**Q** 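Can you read through this structure? Questions will come right after.
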Protein chains: 2
Amino acid sequence: MPTIKDVAKKAGVSISTASYALNNQSNVHPETKRKILAIAKELNYYPNASARNLKTKRTGNVGVFVYGFGGPVFSDVLEGIRQALQANDLNIIVSSGKASSTLLKERQIDGAIVFDGQLSDDTLLHYASFGHPLFVLDRILEGPNIYPSLIDNEGLVYRFIREMLEKGYRDFGYLSGPTIAFNNNHRYDGFKQALSEVGLPHTYIQGDFTIQSGYQAGIQLVHSKQIPRFIFCANDESAIGLIQALKENQIAIPDDVAVAGFDNIVLGSYVSPKLSTIGIDHIEWGKQVANALVDLLNDKTPDLQIPIGKIILRDST
Amino acid sequence: MPTIKDVAKKAGVSISTASYALNNQSNVHPETKRKILAIAKELNYYPNASARNLKTKRTGNVGVFVYGFGGPVFSDVLEGIRQALQANDLNIIVSSGKASSTLLKERQIDGAIVFDGQLSDDTLLHYASFGHPLFVLDRILEGPNIYPSLIDNEGLVYRFIREMLEKGYRDFGYLSGPTIAFNNNHRYDGFKQALSEVGLPHTYIQGDFTIQSGYQAGIQLVHSKQIPRFIFCANDESAIGLIQALKENQIAIPDDVAVAGFDNIVLGSYVSPKLSTIGIDHIEWGKQVANALVDLLNDKTPDLQIPIGKIILRDST
DNA sequence: TTGTACGCGTTATCAA
DNA sequence: TTGATAACGCGTACAA
């Protein structure tokens with residue numbers, strides 16, 4: 001594995017001159033520079049990141065920590081982040097589980113975007129306390145260098161339910177996500193708020209964001225013979241599972257039961273009936289967060305806005 | 001940010017003794033060790049990865065490089081990889097795009113798993129030539145330290161079509177994935193092989209693995225009024241889009257047109273009709289590959305098997 | 001059982 | 001415009 005030493009020796013210059021040339025410094029003779037670069041290419045030389053990072057205290061890496069790699073929401077947010085980072089010559093490093101905290105603690109990254117409710121507050125606070133910018137998505141955490149980015153889960157669901165109220169629905173159910181999920185709880189808050197304002201009760205059904213849990217909830221509901229006229233689901237995937245279960249039991253959507261979700265995943269337009277939902281532009285969200293992080297790394301003040309969501313009424317309501 | 005020097009000073013020992021204690025060496029007095037560890041904890045000390053890596057020439061990181069972060073297949077494979085690596089105290093680092101080749105070239109990882117047809121052969125060969133184990137999934141590449149892991153795309157589709165032939169189907173279509181996709185081409189090979197053996201022609205329809213492309217293909221087919229009796233789709237997602245389009249045009253599945261896919265994604269069981277498909281255990285696949293990589297990193301000879309696939313007949317055929 | 005000293009590959013300071 | 005050299009933080013061979 002060639003080092004800068006090999007390049008310097010072969011070019012007949014000192015290590016420092018080689019370094020200048022390779023880092024595109026202006027204080028090196030054009031001809032010398034040309035030669036050094038040519039030799040570097042010939043030898044297939046690339047700097048050793050560990051050595052460079054040790055010296056410069058920068059890694060050029062941004063960590064993105066997720067709870068799991070699955071799901072249409074994650075993948076879109078990640079894609080947005082990737083685009084923005086790549087445009088700024090930063091590497092995206094996605095990780096999950098124990099590796100996430102290792103990368104944080106051992107300073108392998110310049111900044112982080114956390115989309116994982118399982119990473120401990122302590123680890124996050126400790127990391128940020130050394131001056132590294134840290135964005136937390138859909139999670140609340142206060143501290144120096146910590147920037148939460150929240151979508152308006154509560155307000156959007158509130159507005160959605162209000163519209164349904166105006167349409168005349170009166171009998172509501174909520175199919176939840178995991179009770180520890182921040183976004184689920186805020187969506188539920190908005191749901192309850194809208195109903196309590198008009199003094200309506202509701203049915204609560206436990207789910208966990210997966211298609212499977214939605215399906216099972218539907219089967220249970222059918223057995224119980226107590227199906228709400230309108231079921232708001234904490235996300236699209238569970239809504240799709242729910243609809244499937246109801247349809248298999250000859251329940252017509254939306255004529256017998258109306259269903260809506262949250263996220264506006266692509267699949268929602270390719271099921272029957274097409275799913276009503278609440279949409280966030282996840283790619284855009286990822287881009288905005290990543291760009292704000294880049295600003296911070298460059299000592300600029302970031303411009304972080306709340307991503308705008310919209311209500312999308314299709315055929316399931 | 002505390003360094004080992006701070007720990008040593010506060011404990012009143014030399015740096016090397018601190019290092020021994022922190023690395024759990026046996027040659028340090030229990031009491032000294034206890035004290036050092038206590039102080040490290042108190043100071044919230046963690047080693048600087050760059051410094052350690054520079055010295056040991058190991059990073060403890062394994063790179064997983066994907067073309068995009070989306071898709072049910074990727075996420076399952078990644079989860080399998082994550083589990084296996086975490087069990088062996090290795091960090092999983094997932095990346096995509098330009099960052100992937102940077103991480104490879106600048107030696108930020110001990111080994112790599114590549115699931116990305118876009119990463120150049122050159123970069124891969126160069127990286128592996130320095131002794132780093134490199135696994136390529138669903139891609140062929142020969143060279144030292146390079147280990148391809150292929151699923152039997154061709155054989156599985158061949159067997160599937162043979163079964164459909166026995167069931168009596170005679171009029172076949174193939175809804176493809178991207179023509180540059182290795183797995184798509186092999187699936188198509190198996191498809192063609194089965195049909196050519198019995199002297200049957202087929203219709204070719206271009207797609208790109210997405211739900212949207214499947215849907216569009218369906219719409220086109222309906223307009224052309226030339227719909228094959230059986231359509232094999234290069235993956236499940238495009239099959240689901242296709243079915244949706246056909247259903248919207250009052251074409252009954254499987255009575256008018258039978259459809260099958262490949263991958264056995266969860267969603268396939270939650271659409272109507274339930275999708276017939278070919279299944280690989282993707283989590284298991286990821287685990288196997290990661291374990292083989294771990295073996296290689298520990299200078300053991302890996303035991304890498306071809307993941308077993310099975311034919312899953314549900315309601316769409 | 002503990003300490004001294006060197007070097008990993010790089011960047012950056014200073015002198016030439 | 002170039003070169004010698006220190007330093008980043010750590011692990012380890014060797015000496016004590």
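Fair warning: this is a prediction, and the values are worked out from it, not measured in the lab. Below, each value reflects all heavy atoms present in this structure, side chains not excepted, and no hydrogens, waters or symmetry copies. Chain identifiers are assigned alphabetically (A, B, ...) following the order of the sequence lines, protein sequences preceding nucleic acid strands; residue numbering begins at 1 within each chain.
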**Q** Is the base of D/dA7 touched by the side chain of A/Lys55 through a donor-acceptor pair closer than 3.5 angstrom?
**A** yes

**Q** Less than 3.5 Å apart, any donor N or O on the side chain of A/Asp138 or A/Asn183 sitting next to an acceptor on the other?
**A** yes

**Q** For D/dC10 and B/Tyr45 - does any side-chain N or O of the residue sit under 4.0 Å from the phosphate oxygens OP1/OP2?
**A** yes

**Q** Kindly say if A/Asn27 contacts the phosphate of D/dT2, meaning a side-chain N or O under 4.0 Å from OP1 or OP2.
**A** no

**Q** Applying a 4.0 Å non-hydrogen cut-off, can you work out what A/Asn53 is touching in the nucleic acid: base, sugar-phosphate, or nothing?
**A** nothing

**Q** Just by distance, no angles: are the side chains of B/Asp122 and B/Ser120 close enough, under 3.5 Å, to form a donor-acceptor pair?
**A** no

**Q** From C-beta outward on A/Thr32, which listed nucleotide comes closest to its side chain: D/dC8, C/dT1, D/dT2?
**A** D/dT2

**Q** Between the base of D/dT5 and the side chain of A/Ser16, is one N or O donor paired with an acceptor at under 3.5 angstrom?
**A** no

**Q** What integer distance in Å separates A/Arg58:CZ from C/dT11:P?
**A** 15 Å

**Q** What about A/Tyr46, does its side chain sit under 3.5 Å from the base of C/dT10 through a donor-acceptor pair?
**A** no

**Q** Tell me whether the OP1 or OP2 atom of D/dC10 has a side-chain N or O from B/Ser19 closer than 4.0 Å.
**A** no

**Q** Strictly below 4.0 Å: does A/Lys57 bring a side-chain N or O up to OP1 or OP2 of D/dG9?
**A** yes

**Q** Check the phosphate of C/dG3 against B/Ser14, side-chain N and O only, distance under 4.0 Å to OP1 or OP2. Yes or no?
**A** yes

